[in-house]
Number of protein chains: 2
Amino acid sequence: MKKRRKSGRVTLSDVAREAGVSPITVSRALRSPGMVSKEVVKRIEQVVGDLGYVPDPAARALASQRTDVIGVIIPSVTNNVFSDVMRGIYARVEETNYRIQLGNSRYSQKEEEKLLQTFVSQRPAGLMVSGIDQSDEARQILEDVACPVVQIMETGPDPVDMMVGFSHRDAARAAAEHLIAKGYERIGFIGARMDPRTARRLEGYREALRAAGRYDEGLERTTAQRSTVTLGSGMLLELKAGRPDLDAVLCNNDDLALGALFACQRQGISVPDEFGICGFNDLEMMAASCPSITSVRTYREEMGVRGTDMLIQAIEGGRSAEANVDLGFDVIARESTARREQGGEKG
Amino acid sequence: MKKRRKSGRVTLSDVAREAGVSPITVSRALRSPGMVSKEVVKRIEQVVGDLGYVPDPAARALASQRTDVIGVIIPSVTNNVFSDVMRGIYARVEETNYRIQLGNSRYSQKEEEKLLQTFVSQRPAGLMVSGIDQSDEARQILEDVACPVVQIMETGPDPVDMMVGFSHRDAARAAAEHLIAKGYERIGFIGARMDPRTARRLEGYREALRAAGRYDEGLERTTAQRSTVTLGSGMLLELKAGRPDLDAVLCNNDDLALGALFACQRQGISVPDEFGICGFNDLEMMAASCPSITSVRTYREEMGVRGTDMLIQAIEGGRSAEANVDLGFDVIARESTARREQGGEKG
DNA sequence: AAACAAAATGATAGCGCTATCATTGTCAAT
DNA sequence: ATTGACAATGATAGCGCTATCATTTTGTTT
């Protein structure tokens, strides 16, 4: 008679006693009901309900060496882009017994590494990380971990395990080509929060401009600052002050694009006739603004859903056929780049 | 010689053996170094580093009956408002050993209840929930749970435990009073996602209009839909179509307000002279738009930080003095309500 | 040097669950 | 009736850690 630590919790053994079976049978009835006779399962479920039994995830994790936790690491909890991805992830996970453990790397490789280490110590069922720019150490952790891994947000040639995303470079190139096709001559680029994804967008922009023979280093403006609408206004004004002949801008994201539009409105610059603006991500507001803003639509919620899907499939045995999914993008042309016929060539 | 389940993991006992002490001493060296002599701590830390020992949170949770998990339940992962709160929470938690377990109730009391049950079964160190409109069952769970609880986003007379937020009713009343003071006559209200918080804002609006003798049911327009910029445009146009004398609108949030502004721009309605617009939340873009939009600033990131702070203090013993914190709000007057002197009274 | 408190360390026994192997019951095939 | 195969259930022993109590070491006081 020396019960030392009682927790007051209803345990599996309590249920077993009440149902007149052994604890392991209760465990089986709850985990794999197929192994237990129908009547016993029913009786156990009844008792579980009556007693209000809730399994202890810690005990289960310890005994079985695995959890229902899917670890997700994103660089920002505030950025709309990642909220959309999260929405997809939560939507997909809600129908299941998996739980999401969210980590916020704040765009830092070191943070990401630390988070990975913590997550891995929890024996996750699966891991999801953003992008393809992990540190060597982080990549090593991911390659060694005993669970499926999905990289989301980008495509690339060399996934750790699985991957779902799109090519930022191609998307930005397509956007720049759109501006060129619309007849804009001096097309600038503004980018904030210069992480590797953004850098690849810049590359795409450069490719398009070089191909058109219009590349000019002075038309780019980037900053490490977190991007905001206000910053978009400021960067556009600065860029245009330095290059008065600038007649269009490709923005690294929609916040900047909206800021650029507001700046034009304040300056009395007519969009799209005098000046073209193209955003990136196609947030909902781009369609609503006046004028509406051309942007590159990406499939973020879908990315979350698919990524989670691939993870769950891999966890539960049947690896999905495709391990490297490109969800693509679409340039959605709107008023902000619908320039009317313009006479003067400059070149 | 019957080791049955080996996990390959470096355990506390491995460290103990290597360091020449007992496992419990290692445990103490890591949890409460004050109880162990300096040299032993140092030796243990050395071994921990060499062996790459990482504690198993499941084992710890099971043995100690507690975890480092702070459960947070929010109604939306996409809504900017909650992302800001989350940023505050993560910022505060990052300096500590606590982990955040995020739950997404999707504005559903039933979902919230389910999440709470799941969370509670994990023996959280603390819980944070949004708002004061839990179901009776959820409230009961929160009152019974063996950890501190903070309700965020609102203030109210009857906290489960602790509370940090502001009065949505007072904030909306102040915003409506601002519009009245600026000389607007027919002030409408548009609100989407009509959750209890929004309903209280509507109440505040009504109070202000009644006090000014201008209340008119037909000036309100609400919907259960998720709020978007496009929806804001649509709702404003509908409202104004029904009441052509409408000369201002208080929007339940900034997305709607921005949509309202865009709608006015498309219709050629001059803001603020012909029409006043006031938003709610004061997202960053409100200051940047053209014209800039008046909004009610709330302290969301601060709310996350303070809520987490109160939780951690309560967990670690010293309950903070204030258990019910009102962070207030500020009506930030901007161009969208800066009406120039206007002649005609309408009566 | 004796006496005692305080500090440091250890032995033991679980936390609540499941992996593993063992046993029992059931039924068709011989 | 005997055999075997399979389904259903149980006994046992941990998973890796910490609470609890016991013991040893150290320092302080007289």
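Bear in mind the structure is a predicted one, so any value in this text is a computation, not a measurement. Proteins get letters first, then strands, A, B, ... in listed order; numbering begins at 1 in each.
Rounded to an integer number of Å, the gap from OH of A:Y53 to P of C:dG16 is 10 Å. Here D:dT20 presents its P atom at 11 Å from CD1 of B:I24, a figure rounded to the nearest Å. Going from atom CG of A:D56 over to atom C1' of D:dG16 covers 14 Å, rounded to whole Å. Distance, A:M35 CE to D:dT9 P: 10 Å, rounded to whole Å. In this entry the distance linking CZ of A:R123 with C1' of D:dC15 reads 8 Å, nearest Å. To the nearest angstrom, C1' of C:dC17 lies 15 Å from CD of B:Q122. When the P atom of C:dG16 is taken as reference, atom CG of A:L51 falls 14 Å away, rounded to whole Å. Counting to the nearest Å, the C1' atom of C:dC17 and the CZ atom of B:R60 are 19 Å from each other.
In this structure, A:S22 does not reach the D:dT9 phosphate: none of its side-chain N or O atoms is under 4.0 Å from OP1 or OP2. Here A:R31 reaches the OP1 or OP2 of C:dT18: one of its side-chain N or O atoms lies under 4.0 Å away. Within the structure, every side-chain polar atom (N or O) of A:Q65 is placed at least 4.0 Å from both OP1 and OP2 of D:dG14. Between D:dT18 and B:S64, no contact under 4.0 Å exists linking OP1 or OP2 to a side-chain N or O. Of the side-chain N and O atoms in A:S37, none sit less than 4.0 angstrom from OP1 or OP2 of D:dA8. OP1 or OP2 of D:dG10 has at least one side-chain nitrogen or oxygen of A:T25 nearer than 4.0 Å.
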For residues 16-26 of chain A, which side-chain N or O atoms pair as donor and acceptor with protein atoms under 3.5 Å away, sequence neighbours left out?
from: A:R17; atom 1: NH2; to: A:D14; atom 2: OD1; distance (Å): 3.2
from: A:S22; atom 1: OG; to: A:T25; atom 2: OG1; distance (Å): 3.2

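Both B:S13 and A:G34 lie near DNA chain D, and the one whose nearest nucleotide falls closer to the 5' end is A:G34.
At least one donor-acceptor pair closer than 3.5 Å links the side chain of B:Q101 to the backbone N or O of A:I100. At least one donor-acceptor pair closer than 3.5 Å links the side chain of A:S76 to the backbone N or O of A:T78.
Atom CG of B:D144 has more than 12 heavy atoms from other residues, nucleotides or ligands within 6.0 Å.
Checking D:dT9, D:dG10, C:dC17 against every side-chain atom of A:V21, the shortest atom distance belongs to D:dG10. Which of D:dT9, D:dG16, D:dA19 sits closest to the side chain of A:V40 comes down to D:dT9.
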